[in-house]
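In the text below, chain A, chain B and the rest are named by the order of the sequence lines, each starting its count at 1.
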Amino acid sequence: MTIATAFLALLEGRPQHGYDLKRAYDEHFGGDRPLHYGQVYTTLAKLLRNGLVSVDGVEGDAGPDRKRYTITEAGVTDVRRWLDEPEKPDQYLQSALYAKVVGALLTGRSAAAVLDVQREEHLVAMRELTRRKQSGDLADRIICDHALFHLDADLRWLEHTATLLDELAERIGR
Amino acid sequence: MNPLLDAEGLHKAYGPTTALAGADLRVHAGEIVSVMGPSGSGKSTLLHCAAGLTRPDAGHVGYDGQELSSLNDVKRSALRRREFGFVFQFGQLVPELTALQNVALPLRLDGVSRRTAERRATGLMDRLGLADKARSRPGELSGGQQQRVAVARALVTGPRVIFADEPTGALDSVSGEQVMEMLTRSAREAGAAVVLVTHDARVAAYADRGIVVRDGRSTERMAAR
Amino acid sequence: MRRVVAELALGIRLAFPSGRHGWLRTAMASAGVAIGAAALLLGASVPVMLDARQDRMLQRDDSVGLHEVPPGQTLIVASVDSQWGSNAVRGRLIWPESPAAPLPPGVPAIPGDQQMYASPALQAALAGPDGDTLRRQMPYEVVGTIAPAGLSGPHEFAYYAGYKRAEALVGVNSWRVDRFGYSLDDGEPRQGTYVVVATMLATLLLPIAIFIGAALRFGADTRDRRLAAIRLVGADSRAVLRIALGESLVPAGLGLAAGTVLYLLVRSRSADLRLFDVSVFPADISPVPVLALLVVAIVLALSAGLTLLGFRGVAVEPLGVFRRSTTWNGRLWWRLLPLAASLWLLRPVLTGASNPDEERAGIGVVLAVLALIPLVPYLVPLAARVLPSGSAAWQLASQQLRQNPAASTRAVTGIVVAVTGAIALHATFGAASARREVPDNPADPAYILQAPGPQTDAAMRARTARFESVDGIRAGTVAKYGLYGSPTSYASGHLVIGDCESLRQVATFDRCAAGDAFVVGDPGRSITLDAGKLDPAPGRKLPIPSGARPARLVGTDAQNVTFGLLLTSTPAAVAGVRPWFVETRMFASEDAPATAAGQLRGVAAEIDPLAMFTAIVPEYDKYASLRVALNLGSAVILLMMGVGLLLDVASRLHDRRRLLGVLAAVGARRSTVIWSVLLQAFVPLLAGLALAIGAGIGLGAVLMRLSQVPVTFDAAAVLAPVAVGSALVLATTVGVLLPAARRVTSTEQLRYE
């Protein structure tokens with residue numbers, strides 16, 4: 001997930017100032033690495049340039065800090081595409097998936113559907129690996145097993161998260 | 001193509017506990033379908049209803065054009081003997097009988113003569129690599145061997161659907177893989193469909209496709225909505 | 001059809017399991033069936049046995065009744081039946097009137113004078129201890145053995161002796177026969193005896209059925225789970241029942257085979273067995289073919305029925321076994337119906353009707369025993385409610401008892417039935433034997449000898465002395481003459497002559513010295529002797545002596561004789577007249593030896609083998625053999641019940657081992673868990689025993705009434721079966737159950753779950 005997508009997801013809920021966007025990003029996605037202002041402005045500039053956001057007003061002194069950004073139709077489509085598209089299963093998936101779940105919750109979309117789509121993607125991958133494993137030699141089997149066990153762990157995380165969605169939604173909605 | 005087994009809108013409650021609240025399951029001939037879900041989600045109940053072992057409170061189960069809930073016990077039992085096979089987590093082998101007699105049991109119950117039944121069971125066990133276990137009783141076999149015998153028994157009548165409920169639930173991962181490999185391979189060879197209930201994604205990965213049951217609802221149902 | 005056969009075969013196959021548990025189940029059930037089958041086969045043999053016996057007795061019957069056989073190719077017969085301890089002795093003195101005289105069955109030739117053919121049992125007794133005393137009754141030379149064809153049974157004491165003197169006594173003590181095999185007037189069996197036998201059968205057979213049931217139920221849970229697994233593979237609910245039936249065929253079949261072996265064993269030993277003075281030859285025992293088939297059918301039906309009954313309230317489904325957990329309703333009224341019915345049947349006995357219908361009473365007694373069965377499960381939850389809830393152990397136990405009293409009481413029911421029957425019968429036998437030392441009328445003697453023949457005062461004194469030579473015996477001898485009264489009146493009179501001592505045994509009077517005379521009633525001025533043989537005829541006349549004082553007869557005579565004359569010496573007018581008989585009365589003191597009767601009979605036979613010797617008190621304990629049989633039977637039954645209870649508790653323990661393991665794991669003290677298990681076994685037992693004591697006493701009273709024995713209870717007779725029953729249960733439970741409970745309560749059990 002990029003900063004740009006995260007901004008779009010945050011803006012879909014309501015128009016916000018750049019400063020608010022930074023704070024919201026740090027809270028939900030930043031973890032222990034907060035954004036610096038330079039990243040905020042370059043990202044917003046890129047989004048403006050691509051027509052995914054627009055500036056709908058300036059309050060007081062002109063300056064980037066006082067501009068209020070709104071998501072455009074194209075921006076909303078971008079967010080939907082991001083959420084609908086499963087992540088490629090890999091070992092750094094959790095953080096990306098977590099972002100997606102929060103994104104879905106922030107935008108009022110179905111986080112469960114996000115998880116389901118991801119699960120299906122995982123299972124497709126696992127089925128493929130299982131087929132390869134069944135036709136391969138022992139080395140293939142062991143390599144495939146490595147991936148299968150990781151995917152299995154992801155899936156268990158997915159299941160676990162699925163049962164906690166309501167609680168998470170409540171926390172984010174506050 | 002019409003599905004071979006079509007369960008639709010199943011509801012089932014055990015007293016105050018709701019096990020199924022509108023679940024669907026469609027299985028086409030020869031396909032392996034996994035049913036996943038957390039424990040208590042109702043996936044086993046879905047299998048029991050689909051196999052005619054439990055009567056749903058609402059909804060219907062069609063198998064090959066007949067409505068299962070309209071069949072009496074005798075007909076459903078005949079269906080279990082001839083068309084279905086079962087592999088459960090444990091406790092389905094008769095401890096007093098040898099492995100061979102266990103495998104031959106469905107044929108014997110269907111009135112096949114002892115000689116024919118045991119000849120066919122022997123042939124099957126040979127093919128599945130269980131020949132040396134034929135004379136052993138279940139108590140003398142490891143968990144994985146017992147499950148493989150159970151798979152052989154499920155296959156012996158040439159069923160069209162095999163219902164497997166956590167077939168590897170009590171096994172370590174290597175034995176579990178052996179059982180799954182044997183189950184899926186022999187089912188594919190025999191052209192039998194498999195309904196595979198499991199909470200284990202690595203087991204579910206042996207299926208062609210999967211559905212998920214959560215809180216008594218299946219993903220098929222959710223998708224249809 | 002082929003499927004049904006396959007299902008039955010599968011069931012049979014399943015009855016031969018690999019595990020220890022499964023074998024135990026099959027073995028227990030087979031043993032139960034075997035005992036039941038043997039008992040039933042013996043029952044089916046009784047008619048044949050009695051017929052064969054009856055047949056031989058008919059073949060040798062020589063009672064011509066009033067009919068007199070003219071001399072010709074005839075045999076003269078005199079009956080000298082006697083008694084030796086508990087054995088009736090059938091004696092016949094015979095003498096041929098022609099070489100073609102008929103031979104009694106089993107006797108190859110007519111013995112010569114003073115020679116005899118004797119039965120093997122009699123010969124053995126003659127050779128045995130005290131044989132010399134017995135020999136005095138039959139001082140004849142044994143020249144041969146009576147063949148079985150001439151005996152009612154192997155233990156019969158019988159002899160045929162050649163006795164030339166019998167010729168002279170035809171019409172008096174002996175008679176002619178031209179053949180053997182006259183019709184036999186079978187004596188009515190003693191009132192109450194059949195009821196006692198019926199009670200014994202109910203007491204013994206009912207627990208067998210219950211035991212078979214308990215054995216079949218043992219391990220039923222394992223079987224049900226197995227059947228569920230078979231159901232999953234495609235057996236329908238009826239097929240499952242057929243498989244279970246097939247499984248029950250194995251213990252039924254094995255039990256029938258073992259039961260037949262047992263039956264043959266008993267049969268081969270039957271010559272050693274005796275009941276009610278009846279002994280049988282092994283050859284007599286063979287079941288009536290129809291009844292034998294019936295026994296097979298009953299055993300198969302019983303085990304099949306009990307198996308099917310076990311499925312009541314149980315649904316074996318492919319996914320497992322479901323018990324329809326009907327909440328226990330302790331409704332009492334229908335449980336009381338059998339009891340009410342039995343009380344109604346027993347009403348004539350209870351109200352003391354003069355001649356109660358014995359069959360009706362028998363059914364009532366059996367029904368009363370059966371009526372206990374539905375009462376026990378009611379009693380147990382009641383006891384569980386009533387007993388104060390204190391310890392945790394009792395709380396655990398009482399909840400279990402209240403929720404499933406039927407399961408907790410099944411095994412106890414058998415014990416209740418067995419103990420009830422044992423108490424009733426023991427109490428009855430006790431009361432019957434307490435009575436035996438005393439004659440009905442206390443003034444009557446214990447034994448009377450009535451011998452025909454002439455009399456003199458000296459001879460009478462000598463005879464008295466001979467009998468008094470037996471330890472503990474006081475005797476007196478008198479001569480009795482019948483008096484001729486008015487033929488229309490039923491009044492009968494006696495002339496009795498004897499010394500003062502002897503007369504005192506017959507009558508009471510103020511004082512007595514030699515030469516005194518006493519009158520009884522109002523004989524008038526003189527008496528006339530009766531000279532007739534059958535019809536009264538006036539004989540010699542005798543004036544009443546002037547100094548005669550009044551006297552009163554005692555004992556049974558007081559009721560039968562209305563007038564008479566007692567003399568202390570024989571008057572000249574009577575000296576040449578033969579009396580009716582010379583009567584010797586014998587009274588036994590408390591310390592008289594048990595062999596007194598045998599010795600007295602010996603003395604009597606030496607005086608005259610044809611003299612009539614009557615024992616007014618029983619010479620032996622009529623119920624002794626029954627009591628032995630009962631003790632043996634109830635011990636076996638109680639043992640079976642103990643094992644049944646053990647099986648029951650063990651299987652429940654097995655089913656609940658996980659719960660018990662959990663209890664132990666959460667820190668319940670082992671003693672708590674073990675106590676809860678023990679209480680579950682003992683509380684039903686104690687409640688059941690309380691019921692058994694009450695019911696046993698009630699039944700005992702009924703039986704005593706039927707046997708015309710005064711109703712009394714001996715604490716030992718009542719409590720002995722209770723003590724034995726509870727001791728057995730205690731021993732089996734504590735001895736076998738505790739180690740099992742210890743094993744079960746170890747947390748190791750959790751490992752398997």
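From B:Leu109, atom CG reaches atom CD of C:Glu7 across 6.5 Å, with rounding to the nearest 0.5 Å. Rounded to the nearest 0.5 Å, atoms CD1 (C:Ile230) and CG (B:Leu93) are 11.0 Å apart.
With hydrogens and angles ignored, the 3.5 Å screen pairs no side-chain donor or acceptor of C:Asp236 with any backbone N or O of B:Lys75. Of the possible donor and acceptor atoms, one in the side chain of B:Arg80 sits under 3.5 Å from a partner among the backbone N and O of C:Arg231.
No other option in B:Leu53, B:Asn102, B:Asn72, B:Leu79 has as many heavy-atom pairs under 4.5 Å with chain C as B:Leu53. Ranking B:Ser113, B:Gly139, B:Ala154 against chain C, the residue ahead of the rest is B:Ser113, based on heavy-atom pairs under 4.5 Å. Top candidate by heavy-atom pairs under 4.5 Å with chain C, chosen from B:Arg114, B:Gln101, B:Arg76, is B:Gln101.
Sorted by first and then second residue, the pairs that involve residues 103-113 of chain B and meet salt bridge (Lys or Arg N to Asp or Glu O under 4.0 Å), not counting sequence neighbours, are B:Arg81-B:Asp110, B:Arg82-B:Asp110.
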Practice item. Mind running side-chain contact (heavy atoms from CB on, under 4.5 Å) on B:His48 and C:Leu319 for me, showing each step along the way? Key: CA-CA 8 Å; B:His48 295 157; C:Leu319 293 175; 3.4 Å; yes

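Taking 4.5 Å as the limit, every side-chain heavy atom of C:Val233 sits out of range of all side-chain heavy atoms of B:Phe84.
Considering all non-hydrogen atoms of both residues, C:Leu232 and B:Gln92 come closest at CD2-CB, 4.2 Å.
More than 12 heavy atoms of other residues, nucleotides or ligands shown are found within 6.0 angstrom of CG on B:Asp6.
Using a 4.5 Å cut-off between heavy atoms, C:Leu227 makes no contact with chain B at all. Of the two parts of C:Ala235, the backbone and the side chain both hold a non-hydrogen atom closer than 4.5 Å to a non-hydrogen atom of chain B.
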